[in-house]
Amino acid sequence: MNDSLLRLEALKAERDRYVSLAFSWADLLFELDRQFTVVFAAGATQAFFGRSPEALSGMGFRDLVVPADVPLVGQLLKQIRKTGRSQDDVIRIIGPQGKQLWVSLSAYCLDPQEGNLFLGLRKSREIDKATALSVPRDGKGGLYDGGSFAELAAGRLKKIQAAGENAQVTLVSIPAMKRLEERLDVQSSEKLTQSVGDLLKANSVGGDSAARVGIGQYSILHASSTKVDDMVRQIEVLTQRIDPSGMGAKVESATMTMGPEEVSEEDLAKGLLYTLAKFREADTQGVSIKNLAANMSALVGEAIIEVNNFKSVVAQAKFYVALQPIIHINSGEVHHFEALCRFDAKPGESPFKTITFAEETGLIHEFDFAMARKVIDWLGKFPRNNDKYRVAVNVSGFSIGKAAYVESLMWLLKDNPWTQGKLMFEITESSRMSDLESANNFIQTLRGRGYHVCLDDFGAGAASFQYLSVLDVDVVKLDGSAVKNAQKAMKGRAFLSALTELCRRMNVETIAEMVDTEETLEFCRDCGCNYVQGYLFGKPSPDIKDFSPLPQGALFRKAANVKF
């Protein structure tokens with residue numbers, strides 16, 4: 001027997017052995033040729049597809065898959081043909097009566113160069129429609145938030161493109177969503193959110209490639225064959241059915257032209273995140289989502305340039321610390337300073353735009369760490385046995401969810417134990433915290449090491465109370481807008497007094513910000529605030545001497561009772 005026949009016999013024996021073993025794992029088996037056509041099927045095909053094995057023979061395997069998952073499956077099959085195997089990938093197939101079924105797929109190719117593909121499918125027990133969302137971070141209708149979606153979509157797009165398949169990203173907007181929700185009760189609003197989320201996921205690649213970007217704003221990664229207009233009409237029908245007035249809401253959509261394949265996955269993710277941020281601002285700035293989608297490639301390019309510039313600023317520490325004092329409301333003594341950043345290239349300009357860009361493109365954790373190092377360097381200029389100067393450094397809620405930031409920060413603190421009692425942490429953008437339990441673990445780790453923690457922007461929204469109920473902190477900073485609004489409203493004094501009383505009972509102290517006038521200072525004192533911060537005591541300055549003596553020191557007469 002020649003070598004070719006021996007090789008053929010060996011392959012047949014290997015196939016038979018594989019088929020026998022595979023049934024111990026799979027509910028049904030397929031053999032596909034090099035064009036992914038079914039040449040053999042066995043097992044529970046009737047239960048899975050409503051067809052006999054013979055009826056499946058000759059069909060393209062991708063025709064058995066939910067259309068939204070065809071690009072994903074195409075990428076998986078081509079990957080298997082190159083690498084020889086794949087294990088426990090979750091896809092959706094078209095079951096009896098068109099019902100979607102979630103299945104786990106494992107595959108093997110004995111000869112990646114010329115051989116057929118052997119697939120095993122089984123009903124997904126561990127990952128089903130309710131749990132196959134890879135832990136979404138938004139929680140609204142089971143959808144991702146923008147940042148999670150950008151990373152997911154970029155990764156899948158690059159793989160799908162590399163496999164020669166096609167997929168697209170579409171922006172979906174319901175401009176009147178806020179007004180519609182005002183006409184709905186809580187139960188109906190939740191039902192609408194869930195229904196829209198389910199519809200988007202059903203049309204997305206992998207059944208989870210969809211995000212809620214803002215109120216009535218969504219993004220979805222889908223097969224290029226997806227009929228977006230039909231999906232839009234279905235969402236409009238959902239709004240009409242649930243709207244008590246029957247009006248419903250108009251839905252707009254725009255499909256993006258993705259960047260060239262040579263753009264890296266990381267750059268594509270940044271570009272997507274940047275575009276989604278612009279999309280979120282579109283309603284307030286009058287930007288057309290059609291224009292956003294059409295200019296996707298330009299936005300990716302713009303984001304790449306800005307990202308590289310920002311990374312350079314962080315790497316070379318081209319920024320400095322400006323300080324603003326936090327004052328005890330009775331004694332007028334400086335308790336500590338808040339460290340605010342100012343950029344070398346824009347010394348007189350507010351850093352708000354740059355910091356916002358860092359948040360929009362997922363770079364804020366890199367800056368937060370660089371800022372912590374800068375503040376520690378500043379503190380290091382003074383004798384380590386001098387506790388006169390204490391500084392609070394900001395930490396974005398987004399950074400807390402980044403393992404790289406948390407790990408780096410903990411090593412930094414371990415290397416500088418002398419900062420205990422001198423360094424504090426102020427959590428900003430708490431709305432970006434995706435996992436409050438993990439966030440609280442981070443906070444308690446800091447407190448356990450001797451660092452006080454402040455929760456910023458308290459009172460700015462209803463979620464503030466949820467954060468305070470879950471997060472154990474030493475102090476909260478009352479949002480400046482809440483302080484200003486309390487002064488204007490008839491019940492404002494009672495509202496702010498109730499907030500400070502709530503905090504007092506929880507043994508949490510309060511800082512009122514945006515205290516720019518003597519009237520606001522007296523108002524905050526009457527409402528029971530412990531500390532104040534604002535232009536009344538000076539604008540942020542890199543020179544600490546600007547706050548000695550304080551401009552308004554004569555306003556304070558009473559002794560301090562400092563707790564934290």
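Keep in mind that the numbers below use all heavy atoms, side chains included, and drop hydrogens, waters and symmetry copies.
Applying the 6.0 Å contact sphere to NZ of Lys374 captures more than 12 heavy atoms from other residues, nucleotides or ligands.
A donor-acceptor pair shorter than 3.5 Å can be found between the side chains of Thr517 and Thr520. For Thr255 and Thr170, the side-chain atoms include at least one donor-acceptor pair closer than 3.5 Å. Side chain to side chain, Ser497 and Glu501 fail the donor-acceptor criterion of an N or O pair below 3.5 Å. No hydrogens or angles considered: a donor-acceptor pair under 3.5 Å links the side chains of Asn530 and Thr510. No side-chain donor-acceptor contact under 3.5 Å links Ser195 and Asp198.
Under a 3.5 Å cut-off, the side chain of Lys318 and the backbone N or O of Phe310 do not form any donor-acceptor pair. Listed for the Asn440 side chain is no donor-acceptor partner under 3.5 Å among the backbone atoms of Leu436. Side-chain atoms of Asp243 come within 3.5 Å of backbone N or O of Gly248 as a donor-acceptor pair. Listed for the Glu265 side chain is no donor-acceptor partner under 3.5 Å among the backbone atoms of Lys158. For Glu513 (side chain) and Gly480 (main-chain N/O), a donor-acceptor pair under 3.5 Å exists by modelled atom type. Looking at Ser204, its side chain does come within 3.5 Å of a backbone N or O of Asp208 through a donor-acceptor pair. Without hydrogens or angle criteria, Asp435 side chain to Ser438 main chain gives a donor-acceptor distance under 3.5 Å.
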Using residues 538-547 as the side-chain source, report each donor-acceptor pair under 3.5 Å to any protein atom, sequence neighbours left out, with the distance given to one decimal.
unit_1 : atom_1 : unit_2 : atom_2 : d
Ser541 : OG     : Asp543 : N      : 3.1
Ser541 : OG     : Asp543 : O      : 3.4
Ser541 : OG     : Asp546 : OD2    : 2.5
Asp543 : OD1    : Lys545 : N      : 3.0

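Remark: Phe382 pairs with Trp378, Tyr389 by the ring pair (Phe, Tyr, Trp, His ring centres under 6.0 Å) rule, at least two apart or across chains. Under the ring pair (Phe, Tyr, Trp, His ring centres under 6.0 Å) criterion, Phe425 pairs with Tyr451, sequence neighbours left out. Residues passing the side-chain contact (heavy atoms from CB on, under 4.5 Å) test with Ala176 are Arg179, Ala249, sequence neighbours excluded. With sequence neighbours left out, Arg373 forms a salt bridge (Lys or Arg N to Asp or Glu O under 4.0 Å) with no residue at all.
Residues Arg493 and Asp526 are paired through a salt bridge, judged by an N-O separation under 4.0 Å between the basic side chain and the carboxylate. Salt bridge absent: Lys178 and Glu181 never bring a charged side-chain N and a carboxylate O closer than 4.0 Å. At a threshold of 4.0 Å, the pair Glu151-Lys402 counts as salt-bridged, since one of the basic side-chain nitrogens sits closer than that to a carboxylate oxygen.
Relative orientation of the Phe398 and His365 rings is tilted, given thresholds of 30° and 60° on the angle between their planes.
Between Leu276 and Gln217, the closest side-chain pair of non-hydrogen atoms is not below 4.5 Å. Looking only at side-chain heavy atoms (C-beta outward), Glu426 and Asn394 come within less than 4.5 Å of each other.
Nearest heavy atom pair, residue Glu236 against residue Val251, reads OE2-N, 3.0 Å.
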Residues Ser312, Asn309; criterion side-chain hydrogen bond (donor to acceptor under 3.5 Å, both in side chains); working and verdict: CA-CA 5 Å; Ser312 176; Asn309 288 341; over 6 Å; no

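Legend: ring pair (Phe, Tyr, Trp, His ring centres under 6.0 Å) pairs involving residues 401-421, not counting sequence neighbours: none detected.
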